[in-house]
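Please read the structure below before turning to the comments.
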Amino acid sequence: MNKITLQILKGTRDFLPLQYILRKRVIEIIARTFEGFGFEPMETPSMEYAETLEGKYGEEGDRLIYKFEDRGGRKVALRYDLTVPLARTMAMYHVEKPFRRYQIAPVWRADKPQKGRFREFWQCDADIVGSKEVWADAEVIAVGYYAFKNLGFNDFTIRINDRKLLNGIALYGGVTEKEMAGFFRIIDKADKVGWDEVKKELADKNFSAESIEKTIALMVDETQGNRAIQRLKTTLKGISSAQEGIAEIEEIQRCLANLGVDKRNILFDGSLARGLDYYTGPIFETIIEKPRIGSISGGGRFDSLIGMFSGNDVPATGTSLGLERIITVMEELAMLPMTPTVSQVLVTVFARDLFGESLSVASELRSAGICAEVYVNDDKLKKQLDYANKKSIPLVIIIGPDEKEKGEVVLKDMEQKIQAMVPRQELVNKIKPMVVASSR
RNA sequence: GUGGGUGUAGCUCAGCUGGUUAGAGCACUGGGUUGUGGCCUCAGUGGUCGAGGGUUCGAAUCCCUUCACUCACCCCA
């Protein structure tokens, strides 16, 4: 036999049942939250024509798209996010608008992996297409907020800004449209490296001293919170795009209050820029302090993206939760109650000639909607109980010759360490309430 | 793309400045206990020390190369 090195590609992972069951539960909570807001599930292919994806994310993003040729020489790519494929479908099909959909699926980025970052990872997106009102932005921010709440998060901050405001600031500082992306990428780092470092970096990138002074003066004392908004409002009085952005942010804040979103989890942040090119209006991301892991969700308005496919702009906004980071954080904070099995009952096999009995008992339980597992080796009872124990299966059934004779089974509660003889006909009724009690 | 760290049993690791047959805990298998579990106890299985080359009488240990993993930066979820 050829001995090969067993390994999987960098930045990818196998999910064994232990981890997969957990992931599934997290996904279910998020999906339920999305559906609670009326978002409907949708799915698109993991592969797209390369040109569908290219030129949407900006220079940095485009470089990280997985691209290759198929056997017909077509240039194909693995999807980089779920937003661009959504935009493609919105240009291809007619749907009733305003349209809400969610999609929970893997995406691929040829990035260098590190903590909370993978090459294959899952995003949970909820988007609204066909509304230019910031009400839609408030809804997608709120659905993210409630998803985190339902998962058990309390200490997180949703930072909010607006590309229109950023445009206004750039205009005010004499930064050209072409330079803007790079300019704000550096500004974005302010809370990490400090403003002095930001100034230095801007100077290195050949931004004029005047631009730097004017824009930084706008933000240097504080970039966050309502005082910062008010200051920007007065300083940027004559700049309409800035005023528009500020008005949007203020309306979103009002909407969020009505949506029951706690003010303490929301923060205006004038230095928030976000890297992807396609954002046009409000932008937002969720960060947590405790384990430092970057953002656990991000999103914003992308009013021109669909137009890149169809020629006609359709307003749209959406949010994207990062499943891997959420799970990484939940693991670190021990927020995940662990039940490493789906079996609620283990039906043991007493001896070879009694295996048939075990099978029919299991079958009865299954018909009653109980997840029942039959032990499929001719091992000692001790070993079978040990197995149930290790897998945290709460109930065990034993059928020996005596039980068979009397038409009964032994029902054993592993946690309580008690057992009782139960007639076969009563088994289902007896076991049902126990199963309900033990499942969470 | 740039810069650090780490590779020894299935897992977590020990192995001092190079010295015979490479260790521990957990896990696994079997026994103590052939109709009952998580404890205890005894025994056992398991390693080309990431790979390749070099120095040396002698290398897990020193040097070089390479691969893999990991962390940080960039960017992002």
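The sequence lines fix the lettering, A, B, ..., with proteins before strands; numbering per chain opens at 1.
- Residue-to-nucleotide contacts include a donor-acceptor pair under 3.5 Å from the side chain of Lys412(A) to the base of U36(B).
- Going from the P atom of G35(B) to that of G50(B) covers 48 Å, rounded to whole Å.
- As rounded to whole Å, 10 Å separates atom P of C71(B) from atom CD of Glu332(A).
- Distance noted for atom P between U29(B) and A22(B): 26 Å (whole Å).
- Here A77(B) presents its C1' atom at 15 Å from CD of Gln103(A), a figure rounded to the nearest Å.
- Nucleic acid contact class of Gln419(A) (heavy atoms, under 4.0 Å, all strands): base.
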Once Watson-Crick and G-U wobble pairs under 3.5 Å are found, how is RNA chain B written in dot-bracket notation, 5' to 3', with | for any base paired to another strand? (((((((..((((.....[...)))).(((((.......))))).....(((((..]....))))))))))))....
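- Under 4.0 angstrom from either OP1 or OP2 of A77(B) there lies at least one side-chain N or O belonging to Arg274(A).
- Along RNA chain B, the nucleotide nearest Lys10(A) and the nucleotide nearest Leu323(A) are compared for position; the residue whose nucleotide lies closer to the 5' end is Lys10(A).
- Put simply, Phe350(A) does not rest on the base of G35(B): the two rings are not both less than 5.5 Å apart at their centres and under 30° in tilt.
- If you take atom C1' in C75(B) and the same atom in A59(B), they sit 43 Å apart, rounded to whole Å.
- Rounding to whole angstrom units, CD1 of residue Ile293(A) and P of C73(B) are separated by 12 Å.
- Per the geometry, OH belonging to Tyr279(A) stands 13 Å off C1' belonging to C75(B), to the nearest Å.
- Electrostatic pairing of Arg23(A) and Glu324(A) counts as a salt bridge here, judged by a charged N lying under 4.0 Å from a carboxylate O.
- Between the side chains of Asn167(A) and Ser241(A), not a single donor N or O lies within less than 3.5 Å of an accepting N or O.
- Aromatic ring pairs are classed by plane angle as parallel below 30°, tilted from 30° to 60° and perpendicular above 60°; the pair Phe148(A) and Phe153(A) is perpendicular.
- Around OH of Tyr49(A), the count of heavy atoms belonging to other residues, nucleotides or ligands within 6.0 Å does not exceed 12.
- Shown here is Met47(A), whose CE atom has no more than 12 heavy atoms of other residues, nucleotides or ligands within 6.0 Å.
- Within the nucleic acid shown, Glu403(A) comes within 4.0 Å of at least one base atom, counting heavy atoms only.
- In this structure, Ile393(A) atom CD1 and G38(B) atom P are separated by 16 Å, rounded to whole Å.
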Contacts under 3.5 Å, N or O only, protein and nucleotides 25-28 of chain B:
unit_1, atom_1, unit_2, atom_2, d
C28(B), OP1, Lys390(A), NZ, 3.0

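- Atom CD1 in Ile397(A) sits roughly 15 Å away from atom C1' in U36(B) (whole-Å rounding).
- Nucleotides U41(B) and U55(B), compared at atom C1', are 49 Å apart to the nearest Å.
- Separating the P atom of G3(B) from that of G52(B) is a span of 28 Å, rounded to the nearest Å.
- Salt-bridge annotation for Arg101(A) and Asp127(A): present, with a side-chain N of the basic residue lying under 4.0 Å from a carboxylate O of the acidic one.
- Checked against Asp386(A) for a side-chain hydrogen bond (donor to acceptor under 3.5 Å, both in side chains), the options Lys383(A), Lys390(A), Lys382(A) give a single hit: Lys390(A).
- Asp379(A) and Tyr387(A) share no donor-acceptor pair across their side chains, judged by distance under 3.5 Å alone.
- By the 6.0 Å contact criterion, CD on Glu40(A) is open, its count of non-hydrogen atoms from other residues, nucleotides or ligands being 12 or less.
- Between U56(B) and C13(B), the two C1' atoms lie 29 Å apart (nearest whole Å).
- A straight line from CG of Leu346(A) to P of G37(B) spans 15 Å, rounded to a whole angstrom.
- With Arg424(A) as the partner, the side-chain hydrogen bond (donor to acceptor under 3.5 Å, both in side chains) test is satisfied by one option alone out of Glu408(A), Glu403(A), Glu364(A): Glu364(A).
- In the set A77(B), G37(B), G35(B), A77(B) carries the atom at the smallest distance from any side-chain atom of Glu324(A).
- Using a 4.0 Å cut-off on heavy atoms, the residues of residues 108-119 of chain A that approach RNA chain B are Arg109(A), Asp111(A), Lys112(A), Gln114(A), Lys115(A), Gly116(A), Arg117(A), Phe118(A), listed by number.
- U8(B) and U61(B) have their C1' atoms separated by 11 Å, given to the nearest Å.
- The neighbour count for Tyr20(A) OH, taken as heavy atoms of other residues, nucleotides or ligands under 6.0 Å away, does not exceed 12.
- For the pair Lys417(A) NZ and G37(B) P, the interatomic distance rounds to 11 Å; values are reported in whole Å.
- Residue-environment remark: NZ (Lys149(A)) exceeds the threshold of 12 foreign heavy atoms within 6.0 Å.
- With salt bridges taken as basic N to acidic carboxylate O contacts below 4.0 Å, none links Glu248(A) and Arg301(A).
- For the pair Gln416(A) and Tyr80(A), nearest-nucleotide mapping onto RNA chain B gives the more 5' position to Gln416(A).
- Classification of the Tyr146(A)-Phe37(A) ring pair by plane angle, with boundaries at 30° and 60°, yields tilted.
- Among the atoms of the strands shown, only primed sugar atoms or phosphate atoms (P, OP1, OP2) are found under 4.0 Å from some heavy atom of Ile296(A).
- Taking the P atoms as reference points, G5(B) lies 13 Å from C64(B), given to the whole Å.
- Nucleic acid contact for Asp81(A): none, since no nucleic acid atom lies under 4.0 Å from a heavy atom of the residue.
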